[in-house]
Amino acid sequence: MAVERTFCIIKPDAVEKKKAGAILALLEDAGFSILACKRMHLTRSLAEGFYAVHKARPFFGELVEFMTRSPVFVAVLERENAVAQYRKVMGATDPAKAEPNTIRKLYGSNVGENAVHGSDSLENARIEIAYFFPASEVAPSTP
């Protein structure tokens with residue numbers, strides 16, 4: 001399998017509950033290398049730009065409000081088959097339907113406040129990583 005990179009956001013609900021460290025530790029325990037990570041408070045324009053693909057959907061305004069209400073952590077993760085593996089570790093979008101010991105089962109509250117975001121493809125991972133991180137902020141691949 002190829003070593004890949006994927007993008008992670010630890011959302012406001014998990015940061016407010018002081019679970020960001022636990023989530024990052026869980027990711028490292030799952031074999032991910034964290035190549036870049038920063039805490040930031042998303043502006044409305046940054047959140048609207050990131051979620052622009054959802055602009056026509058009825059939940060867009062609520063999503064932007066949620067993502068800008070308090071700080072988040074954004075991170076670049078790397079490992080073999082990173083996109084699929086991270087989606088497995090995240091769990092189902094609805095924490096009630098997520099497998100035991102997944103991030104969303106452990107730390108999510110509902111479909112809207114489900115603790116983390118993850119890229120759904122390699123192409124989107126590249127786009128999402130570049131949206132938040134200039135290349136100079138991302139560590140080289142781990143051996």
Side-chain angles (χ1 to χ4, degrees), residues 1-28 30-141:
M1 298 219 171
V3 173
E4 299 172 350
R5 291 181 179 181
T6 194
F7 179 71
C8 163
I9 299 177
I10 301 175
K11 294 180 179 181
D13 57 317
V15 176
E16 291 164 359
K17 294 175 191 170
K18 302 191 182 316
K19 297 303 180 187
I23 291 169
L24 292 169
L26 191 151
L27 292 169
E28 287 185 316
F32 290 93
S33 294
I34 301 169
L35 302 184
C37 183
K38 59 187 171 186
R39 178 184 164 117
M40 62 190 307
H41 200 137
L42 299 181
T43 62
R44 173 169 291 285
S45 63
L46 199 60
E48 287 175 345
F50 184 74
Y51 289 108
V53 67
H54 299 304
K55 193 166 183 83
R57 295 197 169 162
F59 61 81
F60 179 75
E62 186 178 320
L63 175 62
V64 170
E65 287 298 317
F66 166 60
M67 292 301 292
T68 59
R69 83 176 184 204
S70 61
V72 300
F73 281 82
V74 293
V76 179
L77 308 176
E78 182 179 78
R79 67 162 283 169
E80 286 188 5
N81 203 21
V83 172
Q85 289 300 317
Y86 180 44
R87 297 201 64 79
K88 183 177 176 182
V89 171
M90 280 193 312
T93 302
D94 182 349
K97 297 177 182 172
E99 293 291 321
N101 299 316
T102 59
I103 295 169
R104 288 174 170 159
K105 182 61 122 184
L106 293 168
Y107 305 116
S109 301
N110 56 57
V111 173
E113 297 194 13
N114 59 14
V116 290
H117 162 87
S119 303
D120 62 2
S121 69
L122 278 175
E123 178 60 24
N124 281 340
R126 283 189 280 278
I127 292 166
E128 292 174 350
I129 289 167
Y131 192 82
F132 286 100
F133 293 98
S136 62
E137 291 184 7
V138 181
S141 295

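- Summarising the geometry, atom CG belonging to Asn124 is positioned 10.5 Å from atom CD1 belonging to Ile129; distances are rounded to the nearest 0.5 Å.
- Atom CG of residue Leu24 and atom CG of residue Leu77 lie 8.0 Å apart, to the nearest 0.5 angstrom.
- Residue pairs meeting the side chain to side chain donor-acceptor pair (under 3.5 Å) criterion with at least one partner in residues 4-15, sequence neighbours excluded, are Arg5-Glu78, Arg5-Ser141, Lys11-Asn114.
- What you find for Ala14 and Ala115 is that their closest heavy atoms are CB-O, 3.8 Å.
- For the ring pair (Phe, Tyr, Trp, His ring centres under 6.0 Å) condition, the pairs that include at least one residue of residues 1-21, sequence neighbours left out, are Phe7-Phe50, Phe7-Phe132.
- In this view, Thr93 satisfies the side chain to side chain donor-acceptor pair (under 3.5 Å) rule with no residue, not counting sequence neighbours.
- Identified under the salt bridge (charged side-chain N to carboxylate O under 4.0 Å, His left out) test for residues 117-130, with sequence neighbours left out: Glu123-Arg126.
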Exercise for review: Using the side-chain contact (heavy atoms from CB on, under 4.5 Å) rule, take Val15 and Arg39 through it: C-alpha gap first, then chi angles, then the decisive distance, then the call.
Suggested key: CA-CA 9 Å; Val15 176; Arg39 178 184 164 117; 3.9 Å; yes
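- Pairs passing the side chain to side chain donor-acceptor pair (under 3.5 Å) check and including a residue from residues 94-108, sequence neighbours excluded, do not occur.
- In terms of the ring-ring contact (aromatic ring centres under 6.0 Å, His included) criterion, residue partners of Phe59 (sequence neighbours excluded) are, by chain and number, His54.
- Partners of Thr43 under the side chain to side chain contact (heavy atoms under 4.5 Å, CB included) rule, at least two apart in sequence or in another chain, are Ser45, Leu46.
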Below 3.5 Å, can you tabulate the donor-acceptor pairs from side chains in residues 81-92 to any protein atom, sequence neighbours excluded?
residue: Tyr86; atom: OH; partner: His117; partner atom: O; Å: 3.1
residue: Arg87; atom: NH1; partner: Gly118; partner atom: O; Å: 2.9
residue: Arg87; atom: NH1; partner: Ser119; partner atom: O; Å: 3.3

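- Side-chain contact between Arg57 and Leu63 is absent, with no heavy atoms from C-beta onward closer than 4.5 Å.
- The two residues Gly112 and Phe66 make their nearest non-hydrogen contact at O-CE2, 3.5 Å.
- Using a distance-only test at 3.5 Å, with no hydrogens or angles considered, a donor-acceptor pair links the side chain of His41 to the main chain of Thr68.
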Exercise for review: Give the C-alpha distance, both sets of side-chain angles, the deciding distance and a yes or no for side-chain contact (heavy atoms from CB on, under 4.5 Å) between Leu106 and Lys19.
Suggested key: CA-CA 10 Å; Leu106 293 168; Lys19 297 303 180 187; over 6 Å; no
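- In terms of heavy atoms, Val72 sits closest to Pro12 at CG1-CD, 3.5 Å.
- Annotation: salt bridge (Lys or Arg N to Asp or Glu O under 4.0 Å) contacts of Arg69 (sequence neighbours excluded): Glu16, Glu113.
- The CG atom of Leu42 lies 8.0 Å from the OH atom of Tyr51; values are rounded to the nearest 0.5 Å.
- Applying the salt bridge (Lys or Arg N to Asp or Glu O under 4.0 Å) test to Glu48 and every residue at least two apart in sequence or in another chain returns Arg44.
- Qualifying side chain to side chain contact (heavy atoms under 4.5 Å, CB included) partners for Glu137, counting only residues two or more places apart in sequence or in other chains: Lys38, Phe133, Pro134.
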